[in-house]
Amino acid sequence: MTFSGHRLVQFQKKVYDYYSLHRRKMPWREILSPYSIFISEVMLQQTQVERVISKYKVFLHVFPSFKSLAAAPLRDILSLWSGLGYNRRAVWLHRSAKIIVNKYQGKLPADQATLQMLPGIGPHTAGSIIAFAYNKPVVFIETNIRSALLHDFYKNKDNVHDKELMSLIEITLDKDNPRTWYWALMDYGSYIKKKFSNPSRRSKHHIQQKAFHGSNRQLRGRILKNLLQKVKLTKDDLIVLCDVHPSKLQNNLKDLQREGLISRDGDTYSIPQ
DNA sequence: TTCCGGGAAC
DNA sequence: GTTCCCGGAA
């Protein structure tokens, strides 16, 4: 699909007009250090802004640098992560901090391809970090951007592929002010999602979440929560505390261990380091 | 009580 | 293609 230059310019104006009146204030828009941007973008993966804000503030206060984060016990990081969900991200974040300290002298690399080699950093997050921390005109997509473009350029289309949207992002990007442009575009997209039925449902990549109740995700969260409270627990303790069948618990303990979220010592489990 | 939303790794 | 969380809304 192609669009006229006029249409693209109109869209830019619309987005900037919206932003000048309704820009959202967020703590990670106040401190623009590579570290603080990095933390915020990882927290914002699969997690809504409202839920991230308070966690972000505490996290940055306790761990103000890659160095302090790299040196921290995983237990402390997971404690602050509690409530954000997808705890694997905290493990990957810890590993990334160690790599940045040991391999890059504590200085976050400023190019997208290198960032993507870090655990837990994929193309979207790498792009957003480069745009917001370094104000470089990279092309990236995330849910608010997707919603904005689907609403304005693909009104009655279903199954729109990100590839198509990426080229639109590239030609609408304000290359002189990428950071401000992406802030504006994301604020506009967030508004569109609230005002209309989420346009991202018409994305080819939209997926419907399976039930949480009774899921492994729920059980994993319970296991971690209990281990964070009690230092260490046996499998029998966990069967009672998590109210779960032994075989299901066993499978999840094995997975959590493989992913580095818990460790086993004889018949007791704990948070590593 | 169920539904909903959001990136990366495997 | 499938698996990771959590809490607010419906």
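These numbers were taken from a predicted model, which means no experiment stands behind them.
Atom pair A:Met117:CE and B:dA8:C1' shows a separation of 16 Å (rounding to whole Å applied). If you measure from atom CG of A:Leu84 to atom C1' of C:dC4, you get 14 Å, rounded to the nearest angstrom. If you measure from atom CD of A:Glu41 to atom P of B:dG7, you get 9 Å, rounded to the nearest angstrom. The CD atom of A:Glu259 sits 18 Å away from the P atom of C:dT2 (whole-angstrom rounding). One can place CE of A:Met43 at 17 Å from C1' of C:dG7, the figure rounded to the nearest angstrom. The distance from atom NZ of A:Lys193 to atom P of B:dG5 is 9 Å, rounded to the nearest whole Å. Remark: C1' of C:dC5 and CD1 of A:Ile223 are 13 Å apart, rounded to the nearest angstrom. Rounded to a whole Å, the CG atom of A:Leu256 is 16 Å from the P atom of C:dT3.
A:Trp183 and A:Phe132 have parallel rings, their planes meeting at less than 30° on a 0 to 90° scale where 60° marks the start of perpendicular.
Using a 4.0 Å heavy-atom distance criterion, A:Gln208 is classed as a sugar-phosphate-only contact. No contact: A:Ile141 has no heavy atom under 4.0 Å from any strand. Counting non-hydrogen atoms under 4.0 angstrom, A:Arg89 reaches nothing in the nucleic acid. Using a 4.0 Å heavy-atom distance criterion, A:Gln45 is classed as a sugar-phosphate-only contact.
Residue A:His124 places at least one side-chain N or O closer than 4.0 Å to OP1 or OP2 of B:dA8. Listed pair A:Arg201 / B:dG5 meets the phosphate criterion, a side-chain N or O lying under 4.0 Å from OP1 or OP2. The shortest distance between the side-chain N/O atoms of A:Thr47 and the OP1/OP2 oxygens of B:dG6 is not below 4.0 Å. Considering only side-chain N and O atoms, A:Asn144 lies nowhere under 4.0 angstrom from the phosphate OP1 or OP2 of B:dG6. The shortest distance between the side-chain N/O atoms of A:Ser200 and the OP1/OP2 oxygens of B:dG5 is not below 4.0 Å. In this structure, A:Asn216 reaches the C:dC4 phosphate: one of its side-chain N or O atoms is under 4.0 Å from OP1 or OP2.
Among the nucleotides B:dG5, C:dC4, C:dC6, the one closest to the side chain of A:Arg220 is C:dC4. Here the side chain of A:Lys210 is nearest to one of B:dG6, B:dA8, C:dT3, namely C:dT3. Comparing atom distances between the A:His206 side chain and each of C:dC6, B:dG7, B:dG5 picks out B:dG5 as nearest.
Scanning for side chain to side chain contact (heavy atoms under 4.5 Å, CB included) contacts around A:Ser190 gives A:Arg24, A:Asn144, A:Lys194, with sequence neighbours left out.
For A:Gln209 against B:dG6, a side-chain N or O and a base N or O form a donor-acceptor pair under 3.5 Å. A donor-acceptor contact under 3.5 Å links the side chain of A:Arg51 to the base of C:dC6. On a pure distance criterion of 3.5 Å, no polar donor-acceptor pair joins the side chain of A:Gln48 and the base of B:dG6.
If A:Trp92 and A:Gln46 are placed on DNA chain B by their nearest nucleotide, the residue sitting closer to the 5' end is A:Gln46.
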Side chain to side chain contact (heavy atoms under 4.5 Å, CB included) for A:Val49 and A:Ile53? Distances and angles first, verdict last. CA-CA 6 Å; A:Val49 167; A:Ile53 288 178; 4.0 Å; yes

Could you walk me through whether A:Arg179 and A:Leu32 pass side chain to side chain contact (heavy atoms under 4.5 Å, CB included), step by step? CA-CA 10 Å; A:Arg179 180 189 284 140; A:Leu32 299 179; 3.8 Å; yes

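A:Ser147 and A:Ser200 share a side-chain donor-acceptor pair at under 3.5 Å.
We find that A:Glu170 and A:Lys175 are not joined by a salt bridge, their nearest charged nitrogen and carboxylate oxygen being 4.0 Å or further apart.
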